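This report concerns only the one structure given below.
A quick note: this is a predicted structure, and the numbers were derived from the prediction, not measured.
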Amino acid sequence: PAMVDRMCDEGLDLVVGSRYCLGGSVEGWDGGRARMSRLATRLAHWVVKAELGDPMSGFFVVRRDAFLGAVRQLSGEGYKILLDLFASAPTPLRFAELPYEFRSRFSGQSKLDSAVVWQYLLLLVDKKVGHLVPARFVLFAAVGFSGLFVHFLILSSLFRGLALAFPVAQACATVVAMTSNYAINNVLTYRDSRRRGWRFATGLLSFYLACGVGAVANVGVADVAFDRHYTWWLAAVAGVLVGTVWNYVATSVFTWGRR
């Protein structure tokens, strides 16, 4: 009620319950949780220019018209709706913060884990560069970079270590890297569409099929480059790059069912 009264009396768009303004506090957090919260708050100001003390708060009241003004620009990624509202509003929001005490959980389990942290980063990336390229593509490419390491590790082992023919080694490395990329993307990039149980297995099959065209292009381009006397690792990079965009589009639609 105090938040609604403040919003109405002062003609504000939004009033935030804040842990970090004068009178607010956090109960029972260890040093690691406190440091993570401070870091997340600093990162939030990368996309929110308002002097908002607690952009990570989940406790706020907002006017309907202010919400409707921002709703079509909302990212919808992760759980930090307040941050999303401030970053998406077409004009600066008039706001105030009221203190509250954030107490220790007494039942249930926290949803805070590495995947939630990843989704928070996804929200920040989306609000910063989403108007240029999809944020999920940026993170999909980041996961692909880890797959590049796996790819080179397998390729080097098979081609240089076991002396297999380059096309065979490249094909094997591609399959292993695809499997690694699927597993990581399923947990992180597409957490909201994550496939479990048997759906994980069918999703992997779908991922293989959707990436089939990209894989053929990957191996073909790499083989042509190698035959033209490019060094083996440069040939591999050329193949990987060709398949990246196709893999993102195809797997988004056919594996995780996103429009």
All pairs passing salt bridge (Lys or Arg N to Asp or Glu O under 4.0 Å) where residues 140-169 contributes a residue, at least two apart: none
Pair listing, salt bridge (Lys or Arg N to Asp or Glu O under 4.0 Å) test, anchored in residues 166-182, at least two apart: none
Any heavy-atom pair between the side chains of [Y] and [X] that's under 4.5 Å?
X: Tyr182; Y: Cys211; result: no
X: Asp13; Y: Phe67; result: no
X: Cys21; Y: Leu98; result: no
X: Leu52; Y: Leu82; result: yes
X: Thr255; Y: Tyr190; result: no
X: Leu43; Y: Leu39; result: yes
X: Thr179; Y: Phe207; result: no
X: Tyr20; Y: Val26; result: yes

Whether over 12 other heavy atoms sit under 6.0 Å from Leu68 CG: yes
Atom OH of Tyr208 with >12 non-hydrogen neighbours under 6.0 angstrom: yes
What heavy-atom pair brings [X] and [Y] nearest, and what distance separates the two atoms?
X: Ala210; Y: Trp246; result: O-NE1, 2.8 Å
X: Pro99; Y: Gly24; result: CB-N, 3.2 Å
X: Glu97; Y: Gly53; result: OE1-N, 2.9 Å
X: Tyr120; Y: Ala40; result: OH-O, 2.6 Å

Transitive ILVMFWY side-chain link [X] to [Y], under 4.5 Å:
X: Leu83; Y: Val62; answer: yes
X: Val47; Y: Leu93; answer: yes
X: Phe137; Y: Val125; answer: no
X: Met178; Y: Ile154; answer: no
X: Phe140; Y: Val187; answer: no

For Thr251, side-chain hydrogen bond (donor to acceptor under 3.5 Å, both in side chains) partners two or more places apart: none
side-chain hydrogen bond (donor to acceptor under 3.5 Å, both in side chains) partners of Asp223, counting only residues at least two apart: none
Set of residues satisfying side-chain contact (heavy atoms from CB on, under 4.5 Å) with respect to [X], sequence neighbours excluded:
X: Ala165; answer: Pro167, Val168
X: Arg105; answer: Ser110
X: Leu162; answer: Leu158, Leu164

Find the distance between [atom1] ([X]) and [atom2] ([Y]) and round it off to the nearest 0.5 Å.
X: Arg199; Y: Arg196; atom1: CZ; atom2: CZ; result: 10.0 Å
X: Ser25; Y: Phe102; atom1: OG; atom2: CZ; result: 11.0 Å
X: Ile81; Y: Leu74; atom1: CD1; atom2: CG; result: 8.5 Å
X: Arg195; Y: Trp256; atom1: CZ; atom2: CH2; result: 8.5 Å
X: Tyr248; Y: Leu139; atom1: OH; atom2: CG; result: 9.5 Å
X: Ser75; Y: Leu123; atom1: OG; atom2: CG; result: 5.0 Å

Where at least one partner belongs to residues 50-64, residue pairs that pass side chain to side chain donor-acceptor pair (under 3.5 Å), sequence neighbours excluded: Arg19-Asp54
Residue of the set Val16, Leu14, Val15 for which side chain to side chain contact (heavy atoms under 4.5 Å, CB included) holds with Met3: Val15
Candidate pair Phe95 and Phe60, rule ring-ring contact (aromatic ring centres under 6.0 Å, His included), full reasoning: CA-CA 10 Å; Phe95 71 95; Phe60 61 91; over 10 Å; no
Name the atoms and distances for all side-chain donor-acceptor pairs under 3.5 Å in residues 144-152, with sequence neighbours left out.
unit_1 : atom_1 : unit_2 : atom_2 : d
Ser146 : OG     : Val143 : O      : 2.5
His151 : NE2    : Gln170 : OE1    : 3.0

Sequence-distant partners of Arg6, salt bridge (Lys or Arg N to Asp or Glu O under 4.0 Å), two or more places apart: Glu10
Nonpolar side-chain network containing Leu209, other nodes, edges under 4.5 Å: Leu205
With Phe226 via ring-ring contact (aromatic ring centres under 6.0 Å, His included) - residues at least two apart: Phe159, Phe166
Flag, side chain of Lys80 to backbone of Pro55, donor-acceptor distance under 3.5 Å: no
